[in-house]
Amino acid sequence: EMIILSGSGTSGMDAALSSLVKPSDDVLCVVSGKFSERFKEIALANGAAVEELSFEWGSEIDVLKVKEALEIKDFKALCVVHNESSTGVKNPVSEIGRLTKKTNTVLIADTISSMGGDDIRVDSWGIDICVSGSQKCFALPPGLAFLSVSDKAFERMEGSNYYLDLRKYKIHKHKAPFTQSISMIYALEEGLNLIFEEGLLNRIKRHKRLAKLAREGIENLGFTLFPKRKGICSETVTAFKTNEAEDIARKLKERFGIAIAGGQEHLKGKLLRVGHMGNCQERHVLATLSCLSKVLE
Ligand SMILES: *Cc1c(COP(=O)(O)O)cnc(C)c1O
């Protein structure tokens with residue numbers, strides 16, 4: 001079931017959890033960055049009994065640990081972030097899905113910064129509630145959240161939210177239960193036209209190409225990528241280490257009008273992140289790398 005909500009990506013995360021869990025339901029949260037931390041906070045805010053499985057930011061998720069946790073307890077839901085935008089790491093959602101498929105646990109995946117830019121097989125991976133948003137790889141203005149919801153997830157819903165209750169959206173089928181953000185629906189239509197013109201697979205390939213270009217360029221400038229291993233690097237955002245993050249970002253902005261993002265939480269000042277998602281082209285990545293090199297000089 002496909003559902004469109006008026007709200008940013010976070011409203012989709014909240015809708016998933018608040019529709020599903022009643023107070024004291026066990027929820028397993030895999031935490032390895034700012035956004036997976038947020039998932040945990042949303043689960044807690046909805047009264048869930050949260051078990052946190054945390055991994056060092058920038059490192060990969062140990063799927064074996066997830067497997068062990070699932071064997072010990074019958075969790076109502078498991079929350080995982082596919083593309084952890086705060087660290088530039090891509091997480092093994094398909095491997096986690098292979099585990100939850102065999103159980104009653106509902107797999108909720110945040111694909112907010114990867115859907116439309118990376119290859120995500122929602123059903124075959126076993127994602128029960130897949131959450132995305134309009135302003136990342138879809139390249140739309142912010143303001144919509146997109147969800148797909150499996151029958152298994154609907155059957156297990158016991159939450160008591162009103163506005164974000166996904167069951168209301170299912171009952172109303174292709175009419176929203178509340179007034180839709182119509183201007184955003186027009187933007188979505190045009191954004192999807194652009195995606196279909198390019199072709200989804202071509203779009204995914206372009207993101208891969210841009211990510212490789214960004215990683216190579218950044219390493220050539222002498223930086224170390226933040227993810228511990230090449231194989232876990234995001235295809236939509238590249239994070240790298242530097243102790244001069246704020247200075248570099250400010251100069252890029254002032255001298256060249258290029259905005260790149262800094263680190264969040266404990267990584268503030270120690271990390272820079274270059275986004276190459278949406279309708280971004282080679283020339284944008286090349287210009288960013290070239291201006292970055294000028295700033296370093
Ligand atoms: C941007 C982002 C969010 C939050 O989305 P909002 O639209 O700002 O609410 C959540 N998760 C990930 C992985 C993101 O990149």
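Since we're looking at a predicted model, the values are computed, not measured. Just follow the structure's listing: the first ligand is 1, and inside any ligand the first atom is 1.
Under the 3.5 Å distance criterion, with hydrogens and angles disregarded, a donor-acceptor pair is assigned to the side chains of Ser114 and His82. When only modelled atom types and interatomic distance are considered, Arg215 and Asn220 share no side-chain donor-acceptor pair under 3.5 Å. There is no side-chain donor-acceptor pair under 3.5 Å between Ser181 and Ser6. Judged purely by distance below 3.5 Å, without hydrogens or angles, the side chains of His276 and Thr238 pair a donor atom with an acceptor atom.
For ligand 1, the protein residues within 4.0 angstrom (heavy atoms only) are Ser8, Gly9, Thr10, Met13, Phe35, Arg38, Val81, Asn83, Ser85, Asp110, Ile112, Ser113, Gln135, Lys136.
Lys40 is linked by a side-chain contact (heavy atoms from CB on, under 4.5 Å) to Cys29, Val31, Glu37, Leu44, Val50, Glu52, counting only residues two or more places apart in sequence or in another chain.
Annotation: cation-pi pair Lys170/Phe154 present, NZ/CZ under 6.0 Å from the ring centroid and within 45° of its normal.
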